[in-house]
S.K.: 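Take a look at the following structure, please.
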Amino acid sequence: MNKIEFGDCRETMRLWASEGVKAQMCVTSPPYFGLRDYGHEGQIGLEQTPEEYITAMVEVFRCVRRVLSDDGTLWLNIGDSYTSGGRTWRDADAKNKGRGMSYRADTPEGLKPKDLIGVPWMLAFALRADGWYLRQDIIWNKPNPMPESVRDRCTKAHEYIFLLSKSERYFFDSEAMREDAVKGAAGSSFNTGKTATHQMGRSSEAERVEDGKRNRRSVWTVATRPYKGAHFATFPPALIEPCILAGSRPGDIVLDPFMGSGTTAAVSLQHGRQYLGCELNTEYGPLQEQRITQAKPTPDLFS
């Protein structure tokens with residue numbers, strides 16, 4: 001497959017569905033609500049209310065479901081937003097000009113200035129109501145979060161990755177995404193023996209393996225990584241590598257309806273998968289081509 005088409009992803013995926021195109025999995029990070037102006041008419045993320053944004057997202061992922069294999073999964077990275085607090089504009093950031101917005105929506109009905117909106121869970125529940133199986137929330141812990149000048153709350157240092165599936169039973173290679181095992185409290189190891197399954201209330205035969213690996217936990221610590229030439233946020237390759245390894249087999253097609261700079265395409269190629277993507281803004285084409293050209297197969301980092 002290995003192609004990216006420009007235009008509205010909903011129209012593109014409807015066409016693919018009519019042509020019988022099928023992807024094994026989807027991993028993506030859509031535009032967040034009210035966070036950035038990507039400078040393109042028709043972009044998602046600048047809706048007037050969170051509800052309008054959620055409606056648009058549900059439509060997008062309804063189209064994703066049509067081109068997803070019956071045993072396929074969706075890995076969705078999404079961050080939260082705050083109400084504008086009455087501010088109707090925002091200056092551009094020196095490092096990220098996309099943060100500049102000439103217009104910001106009023107505080108939505110039912111919310112107060114400075115409220116955390118709760119967009120990730122609004123979206124997760126809406127997708128579940130639309131037929132997706134909501135399987136897990138994964139926390140992306142950022143050790144190097146973007147600095148914030150706030151003094152009345154903590155600096156935001158996490159986002160969500162939701163694992164959703166099209167069907168009750170789906171392909172999931174847990175072995176491919178295992179992580180290094182760690183010792184218990186005070187550096188003690190979990191030992192075998194008649195009390196082993198009770199140590200710390202969390203040790204079991206299934207977890208105890210001889211190669212020093214364990215089933216991956218639901219908090220992933222991954223540093224953010226800027227990509228030279230991209231004036232917008234890109235998720236780091238290390239964040240989606242375990243998603244692609246667990247959600248697909250070598251040779252499978254990995255879909256990203258918001259391809260952006262091409263991270264999903266590059267990581268897919270590096271791990272022997274094919275990619276299929278959509279992107280609204282044609283200006284990102286050269287960035288995608290550069291990353292795809294530079295992508296080289298790499299050893300399985302989690303084997």
Side-chain angles (χ1 to χ4, degrees), residues 27-40 43-57 75-127 134 136-163 217-240 258 260-261 263 281:
V27 58
T28 192
S29 182
Y32 299 171
F33 174 69
L35 186 62
R36 289 181 177 85
D37 184 351
Y38 292 89
H40 201 288
Q43 65 187 305
I44 291 174
L46 297 185
E47 290 79 6
Q48 294 298 301
T49 68
E51 288 76 16
E52 291 178 8
Y53 171 78
I54 296 300
T55 297
M57 286 288 92
W75 304 72
L76 172 59
N77 168 224
I78 187 75
D80 215 338
S81 306
Y82 287 87
T83 58
S84 65
R87 292 171 294 175
T88 58
W89 56 275
R90 181 172 62 202
D91 283 330
D93 188 291
K95 294 184 178 180
N96 192 340
K97 300 189 185 305
R99 284 181 57 81
M101 298 174 67
S102 59
Y103 176 78
R104 298 184 72 186
D106 294 333
T107 299
E109 184 178 353
L111 297 175
K112 303 173 294 300
K114 300 176 68 173
D115 265 346
L116 181 66
I117 299 174
V119 168
W121 285 103
M122 288 177 65
L123 178 55
F125 292 152
L127 292 176
L134 178 57
Q136 188 164 43
D137 63 316
I138 297 165
I139 303 297
W140 172 17
N141 172 42
K142 304 178 184 180
N144 60 335
M146 181 176 293
E148 295 184 298
S149 59
V150 294
R151 291 292 182 267
D152 58 356
R153 62 172 174 81
C154 302
T155 296
K156 186 166 57 177
H158 76 282
E159 292 184 13
Y160 288 95
I161 300 174
F162 289 111
L163 168 60
R217 277 20 180 190
S218 60
V219 177
W220 300 359
T221 299
V222 180
T224 59
R225 258 182 73 181
Y227 181 70
K228 186 178 180 181
H231 64 275
F232 51 91
T234 60
F235 49 21
L239 183 68
I240 63 170
F258 301 99
S261 67
T263 302
N281 197 333

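Numbers here are sequence positions counted from 1.
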S.K.: Would you say Thr263 and Ile240 make side-chain contact, with heavy atoms under 4.5 Å?
M.R.: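 Yes, side chains in contact.
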S.K.: Just verifying a value: how many Å separate Gln48 CD and Leu46 CG, rounded to the nearest 0.5 Å?
M.R.: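 Interatomic distance, Gln48 CD to Leu46 CG, rounded to 0.5 Å: 9.0 Å.
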S.K.: Partners of Asp137 by side chain to side chain donor-acceptor pair (under 3.5 Å), sequence neighbours excluded?
M.R.: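 Here no residue qualifies.
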S.K.: Any side-chain heavy atom of Asp152 sitting closer than 4.5 Å to one from Lys114?
M.R.: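 Sidechains of Lys114 and Asp152: in contact.
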S.K.: In the structure I gave you, are the side-chain heavy atoms of Ile139 and Ser218 within less than 4.5 Å of one another anywhere?
M.R.: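 No, every pair of side-chain atoms sits at 4.5 Å or beyond.
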S.K.: Go through the steps for Val222 and Phe235 under the test side chain to side chain contact (heavy atoms under 4.5 Å, CB included), then give the verdict.
M.R.: CA-CA 10 Å; Val222 180; Phe235 49 21; over 6 Å; no
S.K.: Please tell me if the side chains of Pro31 and Gln43 come closer than 4.5 Å, counting only heavy atoms from C-beta onward.
M.R.: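 Sidechains of Gln43 and Pro31: no contact.
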S.K.: To the nearest 0.5 Å, what is the distance between CD on Glu47 and CE on Met57?
M.R.: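 These two atoms lie 7.0 Å from each other.
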S.K.: Strictly below 4.0 Å, N to O, side chains only: are Asp80 and Lys156 in salt-bridge contact?
M.R.: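 Salt bridge flag = no for Lys156 with Asp80.
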S.K.: With heavy-atom distances below 4.5 Å as the criterion, would you say the side chains of Pro236 and Thr224 are in contact?
M.R.: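 No. Closest side-chain heavy atoms not under 4.5 Å.
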S.K.: If I take atom CD1 from residue Ile161 and atom OG1 from residue Thr28, how far apart are they, to the nearest 0.5 angstrom?
M.R.: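 If I round to the nearest 0.5 Å, the distance is 11.5 Å.
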S.K.: Would you please test Glu148 and Arg153 for side chain to side chain contact (heavy atoms under 4.5 Å, CB included) and show each step?
M.R.: CA-CA 10 Å; Glu148 295 184 298; Arg153 62 172 174 81; 3.1 Å; yes
S.K.: Which donor-acceptor pairs under 3.5 Å do side chains of residues 115-127 form with protein atoms, sequence neighbours excluded?
M.R.:
from   : atom 1 : to     : atom 2 : distance (Å)
Asp115 : OD2    : Lys112 : N      : 2.7
Asp115 : OD2    : Lys112 : NZ     : 3.1
Trp121 : NE1    : Tyr160 : OH     : 3.4

S.K.: For a quick test of reading the model, state the closest non-hydrogen atom pair linking Pro30 to Leu76 and the distance between them.
M.R.: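 Looking at all heavy atoms of both residues, the shortest contact is CD-CD1, 3.4 Å.
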S.K.: Is there a side-chain contact between Ile138 and Trp220, using heavy atoms and a 4.5 Å cut-off?
M.R.: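 In contact.
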S.K.: Checking Gln136 now: which residues fulfil side chain to side chain donor-acceptor pair (under 3.5 Å) with it, not counting sequence neighbours?
M.R.: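 Here no residue qualifies.
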S.K.: Rounded at 0.5 Å granularity, tell me how far CH2 in Trp140 sits from OG in Ser29.
M.R.: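 Atom-to-atom, Trp140:CH2 and Ser29:OG are 7.5 Å apart.
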S.K.: Taking atom CZ of Arg217 and atom OG1 of Thr221, what is their separation to the nearest 0.5 Å?
M.R.: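 The CZ atom of Arg217 sits 13.5 Å away from the OG1 atom of Thr221.
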S.K.: Between Lys142 and Glu159, does any NZ, NE, NH1 or NH2 come within less than 4.0 Å of an OD or OE carboxylate oxygen?
M.R.: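 Salt bridge: yes.
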S.K.: Could you pull out the closest heavy-atom pair between Ala223 and Asn144, with the gap in Å?
M.R.: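 Minimum heavy-atom contact is CA-OD1, 3.3 Å.
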S.K.: For the residue pair Tyr32 and Gly79, what are the closest heavy atoms and their distance?
M.R.: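 Closest pair (atom of Tyr32, atom of Gly79, distance): CZ-N, 3.2 Å.
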S.K.: Taking all non-hydrogen atoms of both residues, which atom of Pro50 and which atom of Phe33 are closest, and how far apart?
M.R.: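 Taking every non-hydrogen atom into account, N-CZ, 3.7 Å.
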